[in-house]
2 protein chains.
Amino acid sequence: MSTRARVRASAVAVFGRDGLGASLRAIAAEAGLTAGRIVQLFGSKEELRRECDEHVFGVIREAKRDAMVRAHGSATTLEHLAMIDEYVPYVAYVARSVQAGGEQARAFIDHMVEDALDYVGDAVAAGTLLPSRDERARVRYLTESSLGHLALRLSFDAPQSAEELRSSMRAHIDAIMLPALELYTQGFLVDRRMLDAYLLYVGDPPESEQAASA
Amino acid sequence: MSTRARVRASAVAVFGRDGLGASLRAIAAEAGLTAGRIVQLFGSKEELRRECDEHVFGVIREAKRDAMVRAHGSATTLEHLAMIDEYVPYVAYVARSVQAGGEQARAFIDHMVEDALDYVGDAVAAGTLLPSRDERARVRYLTESSLGHLALRLSFDAPQSAEELRSSMRAHIDAIMLPALELYTQGFLVDRRMLDAYLLYVGDPPESEQAASA
DNA sequence: GCCGCCTCTAAACGCATGTTTAGGAGGGTA
DNA sequence: TACCCTCCTAAACATGCGTTTAGAGGCGGC
């Protein structure tokens with residue numbers, strides 16, 4: 001394993017655990033060298049982050065593809081990956097990188113959205129997901145919400161070690177699974193009044209789908 | 001308006017716009033004095049933040065109560081407040097403070113959850129909201145998700161002025177309203193299989209409510 | 001043996017931060 | 001006038017950061 005790769009791995013772990021504000025010296029300590037050396041290797045902290053982004057996003061995308069194959073076709077969310085210890089550091093990194101903003105993170109979200117659009121389109125066609133009036137907006141909403149939620153959790157828990165990171169992640173999943181599934185299967189509003197009122201407000205016809213009133 | 005109050009107002013505005021990492025000098029410039037003076041007035045940056053938290057959370061809570069009265073009983077979310085220009089800085093501050101963590105923010109989330117539990121309980125009893133198997137978990141999930149989402153948006157948009165903050169907030173609301181309402185009224189899964197599988201997995205009976213199988 | 005190269009460290013540098021310190025300006029009071 | 005108190009600034013200070021620099025140490029090639 002090259003020094004570069006080792007430093008990058010340490011950086012991903014430390015960034016994921018402490019956030020992108022983590023110091024080069026903290027990463028250097030984790031990787032067993034000095035901060036100066038990291039700059040020599042990568043040029044700057046920002047370029048190190050760029051490489052971490054690229055690497056992590058690649059790992060995540062491949063993991064999702066793998067998981068989809070293993071689950072014969074059903075799509076995988078980040079939360080699914082977060083349940084696998086092996087992927088916890090990567091998922092944490094994604095949340096923290098996305099939270100820190102920057103071009104790379106924006107690109108990653110866009111890519112996740114595009115990927116998910118495919119899956120969702122297929123699932124809608126197959127009849128397992130309800131269609132949306134704006135598929136892209138829905139997918140983006142769900143993606144950003146879950147990422148933002150996870151980022152919030154990590155900020156709050158402020159895990160001090162890889163172990164604490166894992167247990168924080170597990171607690172997060174445990175806390176959201178039931179309400180998320182409930183919400184996903186039935187929502188929580190008993191009727192369409194608020195939705196129809198909004199559709200009317202934005203000028204869309206409230207649909208003749210089922211119960212057209214207005 | 002006392003100097004303290006003026007500084008606190010500037011701090012809320014700057015923290016909301018730039019995040020809690022904003023420097024005392026930036027706040028001082030906004031308030032028309034020096035960083036040293038702020039420390040003399042508040043003791044430390046952390047105490048300044050504590051006072052901002054307290055003040056903002058009070059404003060938000062009162063605003064929600066007001067809005068609930070005006071809307072004769074129907075509960076108000078942070079997103080509702082975010083649509084009113086006057087409250088934009090406060091909503092932004094809440095998102096950034098909560099994202100930064102700390103005791104005060106944790107307490108605020110807890111308080112929001114408890115408040116919402118009341119409203120949701122009433123609405124369930126009144127038949128406008130579907131019940132949940134775990135009301136507290138549901139309310140917490142929704143609260144944290146929307147706050148996290150908003151925090152993510154602000155991190156990404158990085159508004160440079162109060163104007164940009166307002167337009168960022170407005171864009172956020174515009175982007176989420178439709179998918180959120182769709183999700184809230186119907187979810188997106190066509191059947192209960194995932195939910196039932198999970199209920200089985202955690203040992204809860206999948207309910208005899210409607211379609212009991214297993 | 002010596003040169004060159006690569007890896008790496010230790011120390012320094014410049015900068016921004018929160019905080020402290022010394023003191024100035026103005027107003028009220030004796 | 002002299003004193004004091006409050007509000008405030010300007011400068012200094014300590015700290016931590018990313019980054020730069022000078023050089024040490026090992027190792028292969030000629």
Side-chain angles (χ1 to χ4, degrees), chain A residues 1-56 93 96-97 99-105 155 158-160, chain B residues 1-56 93 96-97 99-105 155 158-160:
Chain A
M1 196 180 193
S2 76
T3 303
R4 266 187 84 91
R6 184 164 42 93
V7 170
R8 197 186 54 198
S10 299
V12 168
V14 172
F15 279 147
R17 164 161 49 82
D18 301 346
L20 278 265
S23 73
L24 285 184
R25 285 168 174 84
I27 296 166
E30 183 85 10
L33 36 62
T34 58
R37 187 80 248 269
I38 295 184
V39 174
Q40 288 174 344
L41 282 169
F42 291 88
S44 71
K45 188 187 186 183
E46 207 189 315
E47 286 196 43
L48 170 61
R49 189 210 157 172
R50 213 166 306 151
E51 286 207 27
C52 289
D53 277 1
E54 210 162 321
H55 178 243
V56 168
Y93 180 92
R96 308 218 95 135
S97 175
Q99 178 173 48
E103 218 33 62
Q104 203 75 204
S155 281
Q160 305 282 328
Chain B
M1 196 179 193
S2 76
T3 304
R4 267 187 84 90
R6 186 164 40 94
V7 170
R8 196 187 54 197
S10 298
V12 168
V14 172
F15 279 146
R17 166 160 48 82
D18 301 347
L20 280 264
S23 74
L24 284 184
R25 284 167 177 84
I27 296 167
E30 183 86 9
L33 35 62
T34 58
R37 189 79 249 271
I38 296 184
V39 174
Q40 287 174 345
L41 283 168
F42 291 88
S44 70
K45 189 188 185 182
E46 206 188 315
E47 286 196 42
L48 169 62
R49 189 210 156 173
R50 212 166 305 150
E51 287 208 26
C52 289
D53 277 2
E54 210 162 321
H55 178 242
V56 168
Y93 180 91
R96 307 219 95 135
S97 174
Q99 177 173 50
E103 217 35 63
Q104 203 76 203
S155 280
Q160 307 281 327

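Below, chains carry the letters A, B, ... as their sequence lines are ordered, and counting in each starts from 1.
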| Among all residues two or more places apart in sequence or in another chain, which pass the side-chain contact (heavy atoms from CB on, under 4.5 Å) test with B:S23? | B:R25, B:A26
| query | To the nearest 0.5 Å, what is the distance between NZ (A:K45) and CZ (A:F15)? | reply | 5.0 Å
| said: Measuring only between side-chain heavy atoms, which start at C-beta, is A:R17 closer than 4.5 Å to A:V14? | reply: yes
| task | Calculate, to the nearest 0.5 Å, the distance between atoms CZ and CE belonging to B:R8 and B:M1 respectively. | result | 7.0 Å
| Electrostatic pair A:R50:A:E54 at N-O distance under 4.0 angstrom | no
| query | Any sub-3.5 Å donor-acceptor pair from A:Y93's side-chain atoms to A:A13's backbone N or O? | reply | no
| Taking every non-hydrogen atom, the tightest pair across B:C52 and B:A11 | SG-CB, 3.6 Å
| Heavy-atom donor-acceptor pair, B:R6 side chain to B:A31 backbone, under 3.5 Å | yes
| note | Angle separating the five-pair end axes of the helix from C:dC3-D:dG28 to C:dA30-D:dT1, nearest 10°, is 30°
| Sidechain-backbone polar pair: B:R49 side chain, B:S97 backbone, donor-acceptor under 3.5 Å | yes
| query | Residues from residues 33-46 of chain A sitting under 4.0 Å of DNA chain D, heavy atoms only? | reply | A:A35, A:G36, A:V39, A:Q40, A:S44, A:K45
| field | Atom pair OG1/CD of A:T3 and A:Q40 - distance to nearest 0.5 Å | value | 11.5 Å
| said: For A:R96 versus A:P159, what's the shortest heavy-atom pair and its separation? | reply: NH1-CD, 4.5 Å
| field | Leading and trailing nucleotides of DNA chain D with any atom under 4.0 Å from heavy atoms of chain A | value | D:dC17 to D:dA22
| task | Would you confirm whether A:S155, through its side chain, and B:Q99, through its main-chain N or O, come within 3.5 Å as a donor-acceptor pair? | result | yes
| message | For a quick test of reading the model, state the closest non-hydrogen atom pair linking B:R4 to B:L41 and the distance between them. | response | NH1-O, 2.8 Å
| query | Between residues 8-24 of chain A and DNA chain D, which residues have a heavy-atom gap below 4.0 Å? | reply | A:A22, A:S23, A:L24
| What are the two closest non-hydrogen atoms of B:D53 and B:A105, and how far apart are they? | OD2-N, 4.4 Å
| remark: Correct closest heavy-atom pair for B:L24 and B:I38 would be O-CD1, 3.8 Å
| So where does chain A start and stop touching DNA chain C, 5' to 3', when the test is distance under 4.0 Å to a non-hydrogen atom? | C:dT7 to C:dA12
